[in-house]
Amino acid sequence: MLKKITGLLNRQKVTEDENTLLQSIDRNRLPKHIAIIMDGNGRWALRRGMPRSLGHRAGVESLRSIVELCSELGVKVLTCYAFSTENWKRPKEEVSFLMDLLIEYLDKEIQELHRNQVKINAIGHLEELPQPAREALARAFRKTENNSGLLLNLALNYGGRTELTDAVVKIARLVKNNQIEVSDINENLIKEHLYTAGMPDPDLLIRPSGDFRISNFLLWQLAYTEFWLSDVMWPDFKRIHLLQAILDFQRRERRFGGLIKK
Ligand code: FPP
């Protein structure tokens, strides 16, 4: 009983803190694009004596609440690293669990996402995903294609090096077919041949769970992104953590290699 009451009090405390943070956020200086490496699901589960799959399932709950908050706040783009080109090295059962979870997430959440005007997109080599996952994605793209709210980018079978290699190949073809000159190649042309063409670069990268790595994520796009690292495992990552990250971001001085005029 006592435990139950303490639990309730904690929850009320979190809500109060959340409201305080919400009020402190400057809505005119929100990060336009937030990128998240959703790490720590496996460790979260193992520490609780549970199979890794339950960590991924709990990770979906965090994804759900963070998408909701970004949408409420008016963030323009949220890119979440859900499956890397290297994640195929995991046991077959885990890969197939993650693919099923993707389908379940899309099918279950689609109405709510659509109601909130979220537009679903995915970056990565989608053609290599199992067919049922590709079909669930196609349904989600179709349903939300005209939405004007948050753009939710799921990075699936995504690798930063593969993305850059793809861009080089596409540009080399343009040169080979005499569609452009070598002298036309510049940063803007490269940017427009990335999977994120037309999107702003991430302002804020969040990596929970204590590791300090980029893990082959958005290698080009993160050049001047502010990093926010935390020990919290992704399944424990709640709205309050995102609010803390945004507030911290708003206190930073971004110079992009230049100087701030005083
Ligand atoms: C990394 O944690 C996480 C992943 C490889 C998968 C991320 C997936 C989710 C958060 C579920 C939502 C996904 C979809 C497809 C909607 P890890 O397993 O590497 O954790 P560890 O470093 O503790 O082992």
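Counting starts at 1 for both ligands and their atoms, following the listed order. Because the structure is predicted, anything quoted here is derived from the model rather than measured.
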For [atom], what is the nearest protein heavy atom, given as residue, atom name and distance?
| atom | result |
| --- | --- |
| atom 1 (C) of ligand 1 | M38 O, 3.3 Å |
| atom 15 (C) of ligand 1 | L102 CB, 3.7 Å |
| atom 8 (C) of ligand 1 | N41 ND2, 3.7 Å |
| atom 13 (C) of ligand 1 | A82 CB, 4.2 Å |
| atom 24 (O) of ligand 1 | R52 NH1, 3.0 Å |

Taking atom [atom1] of [X] as the centre, does the number of heavy atoms from other residues, nucleotides or ligands within less than 6.0 Å exceed 12?
| X | atom1 | answer |
| --- | --- | --- |
| N186 | CG | yes |
| K76 | NZ | no |
| K170 | NZ | yes |

Assess the side chains of [X] and [Y]: does a donor N or O sit below 3.5 Å from an acceptor N or O?
| X | Y | result |
| --- | --- | --- |
| Q221 | D201 | no |
| D166 | Y195 | yes |
| N41 | H56 | yes |

Exercise for the section: Look only at interatomic distance and state if G42 has a nitrogen or oxygen under 3.5 Å from any nitrogen or oxygen of ligand 1. Expected result: yes

Exercise for the section: Return yes or no for this condition: an N or O of R90 is under 3.5 Å from an N or O of ligand 1. Expected result: yes

Problem - Test side chain to side chain contact (heavy atoms under 4.5 Å, CB included) applied to Q244 and L247, D248, I240, the passing residue - result: I240

Exercise for the section: State the atoms of ligand 1, each with its element, that fall below the 4.0 Å cut-off from a heavy-atom position in R43. Expected result: 21 (P), 22 (O), 23 (O)

Problem - For V60, atoms of ligand 1 separated by under 4.0 Å from a heavy atom - result: 11 (C), 12 (C)

At under 4.0 Å between heavy atoms, is it the side chain or the backbone of [X] that contacts ligand 1, or both, or neither?
| X | result |
| --- | --- |
| N87 | side chain |
| M233 | neither |
| E104 | neither |
| W234 | side chain |

Handout entry: Sub-4.0 Å heavy-atom approach of R57 to ligand 1
Key = no

Exercise for the section: Take the angle between the ring planes of H241 and F237 and call it parallel below 30°, perpendicular above 60°, tilted in between. Expected result: tilted

Problem - Ion pair check, E94 and K89, cut-off under 4.0 Å - result: no

